[in-house]
Asker: 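This is the structure I want to talk about, given as structure tokens.
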Amino acid sequence: MNIHTKICFIASSDKQAQQALNGHLRHYENYPLDQAEFIVVLGGDGFMLNTLVKTREWNLPVYGINCGTVGFLMNEYSQDGLVERLQQSLEQVINPLKMEAVDKDGCTHTEFAINEVAVFRTGPQAVKLRIFCDGKVRMEELVCDGALVATPAGSTAYNYSAHGPILPIGSDVLALTAMAAFRPRRWRGALLSTSAQVEFEVLEPSKRMCMAEADGRSVRNVIKVKIAIEHNIKYRLRFDEGHGLEERLINEQFS
């Protein structure tokens, strides 16, 4: 790669991201996706997650520049030396979760998630979930506000807020975490292999309504949600040396 690196800039509509985009376009040409060698994303974590899903067919390395709040999936904001930073960045390949959510009308909705797939109650009552792992019932009934399956990359997000464990990158482990578990009381969740297939069956769905979300993309009135790693899809995230996901996950545990 040289100074003529072809970059496709994608920015959120946020004012800070648009200002950062304008600043970069004064120094670098903006190439269309079908001609680019790199995608540079300007925004926050949520925008990065959506961009990865929308651009996956190009299989390009994606380098994020934080113009949001947390920026866990992003690199530090700077307009200086972008090409050099891209040259020296390290690649982290991530396989997403695949969600297949069946709604009350029998329609199946497929979405992909880098952080987590979650189910939540949408009414006043707690949901009742039956949990399957690899086709076998592991819990006949979990009464809770919801439950999620998180990847190592997403384990410090919603999963951690729900008191789930932080998972090291490369650990080949998924976290199954309950939100406000009522029965079994204070159930601590489970650690599963990345080869596992998880299924949530919603019990009494007409009375205890439930929705499913894959990194914020939601399906309402679900009755069944299947979750598994999609090994055929690879997202190529780039990070500045010394600031990759592994280092960030370790820092989170000592902060």
Side-chain angles (χ1 to χ4, degrees), residues 46 49-50 52-54 56 94-155 157-165 167 173-233:
L49 292 171
N50 287 327
L52 287 169
V53 172
K54 291 178 180 178
R56 67 172 178 260
I94 295 176
N95 300 110
L97 292 168
K98 180 181 181 180
M99 177 185 82
E100 294 179 295
V102 181
D103 66 24
K104 66 177 182 179
D105 297 321
C107 297
T108 299
H109 306 262
T110 301
E111 296 284 356
F112 296 93
I114 293 170
N115 279 355
E116 77 278 317
V117 172
V119 294
F120 312 90
R121 68 181 177 97
T122 57
Q125 291 182 297
V127 294
K128 292 183 177 180
L129 302 174
R130 181 172 291 134
I131 302 176
F132 298 79
C133 290
D134 297 323
K136 182 177 181 178
V137 177
R138 293 294 181 179
M139 185 170 288
E140 281 289 350
E141 184 178 280
L142 171 64
V143 184
C144 57
D145 280 352
L148 60 85
V149 175
T151 66
S155 63
Y158 203 160
N159 172 71
Y160 193 41
S161 297
H163 307 291
L167 306 176
V173 173
L174 301 174
L176 197 169
T177 302
M179 289 167 271
F182 180 67
R183 289 286 187 275
R185 182 76 74 179
R186 298 187 181 91
W187 182 58
R188 298 181 64 85
L191 295 177
L192 305 172
S193 166
T194 50
S195 65
Q197 295 185 343
V198 179
E199 181 178 330
F200 296 125
E201 179 185 349
V202 182
L203 307 178
E204 304 176 30
S206 59
K207 178 182 178 182
R208 303 173 185 270
M209 294 174 290
C210 192
M211 67 185 293
E213 280 196 357
D215 283 350
R217 293 177 298 280
S218 61
V219 181
R220 300 187 70 86
N221 298 317
V222 296
I223 60 172
K224 186 181 297 183
V225 180
K226 293 182 179 180
I227 306 160
I229 286 285
E230 179 52 76
H231 293 283
N232 293 324
I233 295 178

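From a predicted model like this one, the values you see are computed outputs, not experimental measurements.
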Asker: What are the two closest non-hydrogen atoms of R217 and E111, and how far apart are they?
Answerer: NE-OE1, 3.1 Å
Asker: To the nearest 0.5 angstrom, please state how far the CE atom of M209 sits from the CD atom of E204.
Answerer: 12.5 Å
Asker: E199 versus K224: any side-chain heavy-atom pair under 4.5 Å?
Answerer: yes
Asker: Do F200 and V149 have side chains that approach each other closer than 4.5 Å (heavy atoms only, starting at C-beta)?
Answerer: yes
Asker: In terms of heavy-atom contacts, does CZ of F120 have more than 12 from other residues, nucleotides or ligands at under 6.0 Å?
Answerer: yes
Asker: Could you give the distance from CZ (F132) to NZ (K226), rounded to the nearest 0.5 Å?
Answerer: 10.0 Å
Asker: Hey, does V225 have a side-chain heavy atom less than 4.5 Å from the side chain of V219?
Answerer: no
Asker: Got a donor-acceptor contact below 3.5 angstrom from the D103 side chain to the D105 backbone?
Answerer: yes
Asker: Testing T151, T177, N115 one by one against N159 for a side-chain hydrogen bond (donor to acceptor under 3.5 Å, both in side chains), which residue passes?
Answerer: T177
Asker: Could you please spell out the steps behind the side chain to side chain contact (heavy atoms under 4.5 Å, CB included) verdict for E213 and S218?
Answerer: CA-CA 4 Å; E213 280 196 357; S218 61; 3.5 Å; yes
Asker: Quick check: closest heavy atoms across A147 and L142, and the distance to 0.1 Å?
Answerer: CB-CD2, 4.4 Å
Asker: With a cut-off of 6.0 Å (strictly less than), are more than 12 heavy atoms of other residues, nucleotides or ligands near CZ of R186?
Answerer: no
Asker: Walk me through whether D215 and E116 qualify under side chain to side chain contact (heavy atoms under 4.5 Å, CB included).
Answerer: CA-CA 6 Å; D215 283 350; E116 77 278 317; 3.9 Å; yes
Asker: Mind checking whether K104 and S206 have side chains closer than 4.5 Å, heavy atoms only?
Answerer: no
Asker: Considering non-hydrogen atoms only, spot the tightest contact between E100 and T108 and give its length.
Answerer: CB-CG2, 4.2 Å
Asker: Determine, stepwise, if the pair I229 / L97 fulfils side chain to side chain contact (heavy atoms under 4.5 Å, CB included).
Answerer: CA-CA 4 Å; I229 286 285; L97 292 168; 3.7 Å; yes
Asker: Within the distance-only criterion (no hydrogens, no angle test), does the side chain of R121 pair as donor or acceptor with the backbone N or O of D145 below 3.5 angstrom?
Answerer: no
Asker: Roughly how far, to the nearest 0.5 Å, is CZ of R220 from SG of C210?
Answerer: 10.0 Å
Asker: Side chain of N95, backbone of I233: donor and acceptor closer than 3.5 Å?
Answerer: yes
Asker: Closest approach of S155 and A150, non-hydrogen atoms and distance?
Answerer: CA-CB, 4.4 Å
Asker: For the atom pair CE (M211) and CG (N221), what is the distance rounded to the nearest 0.5 Å?
Answerer: 9.5 Å
Asker: Once rounded to the nearest 0.5 Å, what's the spacing between atom CE of M139 and atom CG of L176?
Answerer: 8.5 Å
Asker: Would you say R208 and L203 make side-chain contact, with heavy atoms under 4.5 Å?
Answerer: no
Asker: Should E141 and R130 be marked as a salt bridge (charged side-chain N to carboxylate O under 4.0 Å, His left out) after you check the CA-CA gap, both sets of side-chain angles, and the distance that decides it?
Answerer: CA-CA 5 Å; E141 184 178 280; R130 181 172 291 134; over 6 Å; no
Asker: Supply the atom-to-atom distance S161 OG to M179 CE, rounded to the nearest 0.5 angstrom.
Answerer: 10.5 Å
Asker: Testing the basics here: between S193 and L174, what is the closest heavy-atom pair and its distance to 0.1 Å?
Answerer: O-CD1, 3.9 Å
Asker: Which heavy atom of A118 sits nearest a heavy atom of L148, and at what distance?
Answerer: CB-CB, 3.7 Å
Asker: Answer yes or no: are there more than 12 heavy-atom neighbours, outside H163 itself, under 6.0 Å from its atom NE2?
Answerer: no
Asker: Take V127 and V119, measure what side chain to side chain contact (heavy atoms under 4.5 Å, CB included) needs, and give me the verdict at the end.
Answerer: CA-CA 9 Å; V127 294; V119 294; 5.8 Å; no
